[in-house]
Amino acid sequence: MDKLNLLKQFKNVMPDPVWSARSRASILAHEPKAVLPRFAPWGIFMNALQSGSAIALTGALLFLLIGGFSIARFLETAGGLDPYSLRAEAEAIDIQIQLAQLAYDAPAAEVKAGELDPKETPSFRTTSTNVEVTTTTPKDEATSTPVNTEPTIVDALEALVE
Amino acid sequence: MEDHEVSLIAQAVEGDAEAFGLLYDAYHPQIYRFIYLKTGRREDAEDLTHHVFLHAWEHIRGYVDRGHPFSSWLYRMARNAVIDHYRVRRSPVRLDDLDTEALAAPEVLEAAMDTALAFRELRETLRELKPEHQDIIILRFVEELSLKESARVLGKSEGAVKLLQHRAVNALRKKFEPGAAELKTRHSHG
């Protein structure tokens, strides 16, 4: 192939002598860098440190990825811990519980005390924190509204905000 | 390697600037040529050649003579420099922008060519090949390195280099087949 023979002519391409001289002088003005011995203790320590940290970081990253960690979800959760928003949520829950209590207490008040075994009469007493089942006596039925002295979620959150 | 060169390398490794200067004189034309044929621009070839030799001088103390030619160390750095150059630059050089002066100037070259156009066509076609095909063509047919030396430079076995050379020559031949230029023009316009 003639073209391949022609390629040999590229060997006549030479750099500009002025540039060559300037480049040579510029290069030799530098000092060669010192080389650390390959098996120096410091070199071994640094290599081990680099390898170890690389493996540890890779492991941590894999653990987070496989575990389904999501930075968006994490930030969303962190943002949701605002005491003011928690308080608003708690107030909303409170209202629902009170409404449920009203619906339950209304038919219970119509039941005659003598028709039921006092020891087995269940009644729901609701507080703002939980709903507990207690066995009430006829005496308790007479006073239909229980006295609630426990702190509510709202109280706790107010204390937290303060 | 000749004894004189081995001695120069040993002195350079010890930090002898004069010895490295002589190595620079001996090898910088071929490294420049290698880079020039791959980049197609004189400015890029000068910058990268300077970078290669500066890097070589700065790291000469770490050079270990394993019996390979000193040039294979330089060629490897030159290949990496060109790869980095294109990685950063990303946009390929337009063939129209190629510097024609560096090749057209030497009278001996003009005389050896049928026409300057043929020379230009060959150079442009070479640059259309894959980088590794360019490497093997330049090393084997321009610099006339042996298979063994080329294998050292490219980090491949001699068998792999033979295969690569075969493919590179075929690729170059296809570029020059009748109708290839027409196809290329039609493809570029279409």
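Convention: sequence-line order gives letters A, B, ...; per-chain numbering from 1.
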Next item on the list: Return yes when atom CZ of B:Arg167 has more than 12 non-hydrogen atoms of other residues, nucleotides or ligands closer than 6.0 Å, and no otherwise.
Entry: no
Checklist line | Test log, rule side-chain contact (heavy atoms from CB on, under 4.5 Å), inputs B:Ile138 and A:Phe10 | finding: CA-CA 9 Å; B:Ile138 296 170; A:Phe10 279 123; over 6 Å; no
Next item on the list: Determine which residues belonging to residues 51-61 of chain B lie within contact range of chain A, meaning some heavy atom pair is under 4.5 Å apart, and list them by number or answer 'none'.
Entry: B:Phe53, B:Leu54, B:Trp57, B:Glu58, B:His59, B:Ile60, B:Arg61
Check: Taking everything shown except B:Lys162 itself, do over 12 heavy atoms lie less than 6.0 Å from its NZ?
Finding: no
Checklist line | Minimum-distance pair of heavy atoms, taken over all atoms of B:Val142 and A:Leu7 | finding: CG2-O, 3.5 Å
Next item on the list: Identify which of B:Glu18, B:Glu144, B:Arg140 forms the greatest number of heavy-atom pairs closer than 4.5 Å to chain A.
Entry: B:Glu144
Check: Just checking heavy atoms, which of residues 15-26 of chain A are less than 4.5 Å from chain B?
Finding: A:Pro15, A:Asp16, A:Trp19, A:Ser20, A:Ser23, A:Arg24, A:Ser26
Next item on the list: Sort B:Gln30 into side chain, backbone, both or neither according to what part of it lies under 4.5 angstrom from a heavy atom of chain A.
Entry: neither
Item checked: side-chain contact (heavy atoms from CB on, under 4.5 Å) assessment of B:Tyr24 paired with A:Leu28 -> CA-CA 10 Å; B:Tyr24 174 91; A:Leu28 296 180; over 6 Å; no
